[in-house]
Amino acid sequence: MADKYEQVIELAKRRGFLWNSFELYGGTAGFYDYGPLGAMLKRRVENIWRDIFVINEGYYEIEAPTIGIEDIFIASGHVGGFSDPLTECQKCNEAFRADHLVKDIMDNPDTLSADELTDVINKNSVKCPECGGKLGKVYEFNLMFKTSIGPGGKRAGYLRPETAQGMFVDFPRLVKFYRDRLPFGATQIGKAYRNEISPRQGVIRLREFTQAEAEIFIDPRDKTHPGFREIGDIILNLYSREGQDAGESTRMQIKEAVEKGIIAHEFLGYCLARTYQFLVRVGVSPDKLRFRQHMSDEMAHYAADCWDAEIESERFGWVEVVGIADRTDYDLKAHAKQSETELTVYIPYDKPKKVERFIVKPNMGILGPKFKGKAGKIASALKALKPQELAGDVIRLEIDGEPITIEKDTVTYESVSEEVHGETIIPHVIEPSFGIDRITYSLLEHSYYEEEAKEEGEDEETRIVLRLPPEVAPVQAAVLPLLTREELIKPANEIVKNLRKAGILVSFDDSGTIGRRYRRNDEIGTPYSITVDYDTLKDGTVTIRDRDTMKQVRAAMSGIAENIYDMIYRGKSFEDAGKKV
RNA sequence: GCGCCGGUAGUGUAGCGGUUAUCACUGAGCGUUGCCAACGCUUAAACUCGGGUUCGAGUCCCGACCGGCGCACCA
């Protein structure tokens with residue numbers, strides 16, 4: 001019996017959701033095309049994400065290039081750290097992690113450069129563990145796709161490995177856009193690229209994939225959230241650090257988890273709640289969803305707390321689909337350093353503060369001629385000193401390891417009293433990061449059902465139905481004349497026109513028996529089928545069939561578009577759409 | 001990247017040196033058809049790619065590509 005992944009992928013391929021990319025030329029691992037239905041489905045998922053994070057949370061979307069310049073990824077650590085040092089055996093061509101080969105010789109091999117690793121391997125005559133052959137030069141296999149910008153190949157560019165950096169790099173502009181007020185956030189939905197060594201698992205591990213990320217900049221001293229009360233009662237399936245040690249997850253209200261310190265703070269708890277609501281709304285089963293906290297050794301060293309949303313898949317087990325991290329001020333600091341630009345927000349105090357400030361004024365007229373090139377360094381060292389260190393007759397300093405003596409009268413200092421109206425701070429960043437492709441696959445898997453449908457006196461047969469939420473279903477309604485006859489086709493076309501005017505994606509199908517057409521639509525998840533029959537000509541009503549229950553109601557042909565629209569988008573129930581048949 | 005296994009119409013498959021590659025479902029067309037994969041007729045559609053062995057290769061051999069599993073890797 002085929003497993004669910006195969007069933008889902010088979011359907012997805014056959015009906016135009018997912019195709020292997022470049023199939024015509026044999027295909028390439030790690031790349032997938034979204035077919036007509038898949039692209040629409042994915043777009044609807046993205047739009048629900050927009051509804052939640054952009055429209056309702058107010059984190060505007062931006063669009064940065066998918067190619068980034070080298071500085072960005074030096075700052076982010078991707079140039080240096082997003083790679084593995086590899087060495088290949090000259091004899092058998094097997095590739096090995098160079099740092100793994102020397103870990104018995106060296107204490108911290110992962111801190112060495114490729115050249116240093118090559119030296120260590122040569123000096124210690126490390127041989128191929130497989131065949132004993134000589135090992136080649138160590139090289140860094142970076143997981144970023146590299147390219148060059150402009151002719152000549154001088155300027156390096158990289159396809160972005162995450163969309164996040166675009167938001168960090170635009171930080172100074174974003175601060176102004178949001179008129180210097182924290183918290184604020186920016187979002188981006190777009191492609192990211194990672195040159196995976198060996199991508200497998202279909203659409204779970206891609207070389208080109210879609211991320212939806214929010215970077216929310218908050219005041220590091222205040223990690224509460226004004227909307228927390230609204231979501232505090234939501235119960236989540238939490239798989240905390242302690243839970244993982246014990247091997248069990250707990251269902252708990254978010255407010256309780258924050259109170260107990262399991263979730264680091266309100267803001268993170270709030271993001272978990274919105275993430276939960278998003279995933280369930282697009283069609284992920286709540287019982288196949290959990291939030292797993294990163295273990296301390298798994299979390300990036302700078303992160304304060306990090307939770308992954310994981311979805312259970314039959315073949316792949318628990319799959320990470322969202323990462324929600326408190327990245328503190330790491331990214332902004334890194335870009336501030338690389339760009340030599342302050343990336344801060346000025347926060348005014350409620351009331352100006354009186355502060356005593358201690359000011360040191362080195363006399364550069366004396367220091368300059370005396371110390372020449374060192375004068376600058378000496379001056380800044382002096383400015384960092386405390387009053388008692390300046391009190392003696394001579395001041396002793398050490399500059400670049402060299403002791404230096406300064407005469408008392410070359411430095412003056414004083415204490416001044418000033419009013420300070422605010423301060424500049426480096427915001428902390430809360431980052432919810434979504435893998436849209438994994439989510440799209442997961443909701444297909446969770447929506448996929450095979451049912452034994454049995455009519456009286458007939459053989460058992462399988463009905464495949466995709467129970468997608470109506471809001472994400474690519475085709476939202478099918479219009480079906482009961483028979484292929486002109487007098488039924490005409491009103492059907494009328495209905496199609498009206499539905500399209502209302503923005504509903506509708507398919508018209510008059511080929512084959514009505515049963516076959518219902519099944520075709522069940523398979524692609526069309527939630528409602530509208531059938532035109534001879535009563536339509538008599539009294540202007542049509543039947544609406546519900547995909548999941550196969551039940552029907554009769555409703556007026558006039559106003560059908562609004563009727564369907566309300567069921568898809570406004571939570572109107574199927575029973576209220578018309579009279580039971 | 002390594003090892004093992006596999007790759008035949010849109011989908012699922014049969015064929016494992018010898019005419020025109022099997023079957024089912026699906027798709028399209030016509031007829032029929034009064035609500036859940038009806039029926040009849042017609043029709044479309046495949047040996048992953050490249051080399052080799054052979055009089056002759058889906059079939060045997062080698063390589064590449066793709067997929068599955070295991071190892072390694074996994075911000």
Side-chain angles (χ1 to χ4, degrees), chain A residues 2-3 5-7 9-16 19-31 35 73 76-78 80-84 86-89 92-97 100 129-131 141-144 160-162 164-165 192 194-202 204-205 211 294 298-300 303 306 315 320 323 325 327 431 433 435 451 453-456 458-465 480-485 488 510-523 529-536 542-547 549-552 554 581:
Chain A
D3 74 1
Y5 174 80
E6 278 173 53
Q7 293 172 322
I9 290 295
E10 190 265 305
L11 173 72
K13 231 197 237 176
R14 191 160 45 79
R15 301 310 304 269
W19 294 325
N20 245 299
S21 295
F22 325 124
E23 223 176 0
L24 184 61
Y25 292 103
T28 300
F31 295 97
F73 301 115
S76 70
H78 286 99
F82 198 57
S83 63
D84 298 324
L86 295 183
T87 177
E88 283 169 29
C89 172
C92 69
N93 289 325
E94 178 109 24
F96 301 94
R97 285 281 299 267
H100 288 185
E130 289 292 314
C131 74
F141 182 78
N142 193 290
L143 263 34
M144 282 193 294
R160 62 184 179 194
E162 56 176 22
Q165 300 306 324
R194 293 174 190 187
N195 201 1
E196 298 287 351
I197 295 171
S198 162
R200 297 234 188 117
Q201 308 173 317
I204 301 296
R205 196 107 187 265
Q211 286 188 316
H294 278 207
E298 165 186 15
M299 203 158 57
C306 184
R315 175 178 290 197
E320 172 195 347
R327 299 179 58 92
E431 178 191 80
S433 169
E451 299 179 341
K454 200 173 168 182
E455 288 291 305
E456 269 177 72
E458 278 177 22
D459 288 340
E460 210 162 88
E461 46 147 5
T462 309
R463 169 186 185 239
I464 295 175
V465 50
L480 317 168
L482 187 60
L483 303 170
T484 317
R485 286 188 189 149
L488 297 182
D510 69 344
S511 93
T513 60
I514 190 71
R516 179 185 293 280
R517 286 178 274 162
Y518 284 149
R519 293 306 160 84
R520 269 202 284 255
N521 278 292
D522 289 343
E523 238 183 23
S529 294
I530 298 158
T531 305
V532 176
D533 57 19
Y534 278 95
D535 287 351
T536 310
V542 291
T543 63
I544 306 173
R545 170 197 181 260
D546 177 57
R547 173 196 68 203
T549 60
M550 299 197 280
K551 286 194 175 131
Q552 289 185 311
R554 266 205 106 78
V581 175

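Here is how names work: the chains are called A, B, and so on, in the same order as the sequence lines, proteins then strands, and each is numbered from 1. All values reported here derive from a predicted model rather than from experimental measurement.
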Proximity to the side chain of I514(A) - top-ranked nucleotide from rG27(B), rC35(B), rG12(B): rC35(B)
Selection from rG34(B), rA37(B), rC35(B) that lies nearest to any side-chain heavy atom of R519(A): rA37(B)
Side chain proximity check, Y518(A) to R547(A), heavy atoms < 4.5 angstrom: no
Listed nucleotide nearest any side-chain atom of L482(A), set rU11(B), rG34(B), rC36(B): rG34(B)
R315(A) and Q201(A), any side-chain heavy atoms less than 4.5 Å apart: no
Sugar-phosphate, base or nothing in reach of S511(A), heavy atoms under 4.0 Å: sugar-phosphate
D510(A) backbone acceptor or donor facing T484(A) side chain under 3.5 Å: yes
Atom-to-atom span, CG of L488(A) to P of rU33(B) - whole angstrom: 13 Å
Of the listed nucleotides rU11(B), rC35(B), rG34(B), the one nearest the side chain of D533(A): rC35(B)
rU53(B) and rC60(B), which share atom name C1', separated by this distance in whole Å: 8 Å
Base-paired stems that RNA chain B participates in, counting runs of 3 or more Watson-Crick or G-U pairs under 3.5 Å: B:1-7 with B:65-71, B:10-12 with B:23-25, B:26-31 with B:39-44, B:48-52 with B:60-64
Distance between P atoms of rA45(B) and rG10(B) (Å, rounded): 10 Å
Nearest-nucleotide 5' precedence on RNA chain B, R485(A) against E162(A): R485(A)
R554(A) side-chain N/O to V581(A) backbone N/O, donor-acceptor pair under 3.5 Å: no
Shortest non-hydrogen contact from K13(A) toward W19(A): O-NE1, 3.0 Å
Euclidean distance for P, rU43(B) against rC55(B) (whole angstrom): 40 Å
Syn/anti state of rG52(B) by chi, 90° boundary around 0: anti
Any side-chain heavy-atom pair of L480(A) and N521(A) under 4.5 Å: yes
Rounded distance in Å - CZ (R463(A)) to C1' (rC25(B)): 19 Å
Heavy-atom donor-acceptor pair, R545(A) side-chain to rC36(B) base, under 3.5 Å: yes
R516(A) (side chain) donor-acceptor with S511(A) (main chain) under 3.5 angstrom: no
Proximal nucleotide (of rG27(B), rC36(B), rG10(B)) relative to the R14(A) side chain: rG10(B)
Whole-Å distance separating the CD atom of E451(A) from the C1' atom of rA37(B): 14 Å
Under 4.0 Å protein heavy-atom contact, by nucleotide of nucleotides 65-71 of chain B - B base, S sugar-phosphate only: SSSSBBB
Options rC35(B), rU33(B), rA37(B), nucleotide nearest the side-chain atoms of R554(A): rC35(B)
Nearest-angstrom distance, P atom, rG18(B) to rU13(B): 23 Å
Between rG10(B) (P) and R15(A) (CZ): distance, integer Å: 16 Å
Nearest-Å distance once atom C1' is located in both rG15(B) and rU59(B): 9 Å
Closest heavy-atom pair and its distance - R160(A), F73(A): CA-CZ, 3.8 Å
OP1 or OP2 of rA38(B) under 4.0 Å from side-chain N/O of T513(A): yes
Minimal non-hydrogen separation, P199(A) against R205(A), with atom names: CB-O, 3.6 Å
Nucleotide rC25(B), atom C1' - distance to CG of L11(A) in whole Å: 14 Å
Distance in angstrom units between L143(A) CG and rA72(B) C1', rounded: 14 Å
Rounded distance (Å) that lies between atom P of rG10(B) and atom CG of L24(A): 12 Å
Within-4.5 Å side-chain heavy-atom neighbours: E431(A) and C306(A): no
Rounded C1' spacing from rC4(B) to rC74(B) in Å: 23 Å
Sugar-phosphate only, base, or nothing, as touched by E23(A) at under 4.0 Å among non-hydrogen atoms: nothing
Between P of rC74(B) and NE2 of H294(A), the distance in whole Å: 14 Å
rC39(B) and rG1(B), which share atom name P, separated by this distance in whole Å: 50 Å
Side-chain (N142(A)) to main-chain (N195(A)) donor-acceptor, under 3.5 angstrom: no
Side-chain N,O (R516(A)) to OP1/OP2 (rA38(B)) below 4.0 Å: yes
Chi angles and distances behind the side-chain contact (heavy atoms from CB on, under 4.5 Å) call for R545(A), T531(A): CA-CA 8 Å; R545(A) 170 197 181 260; T531(A) 305; 5.7 Å; no
C1' gap between rC30(B) and rC5(B), integer Å: 47 Å
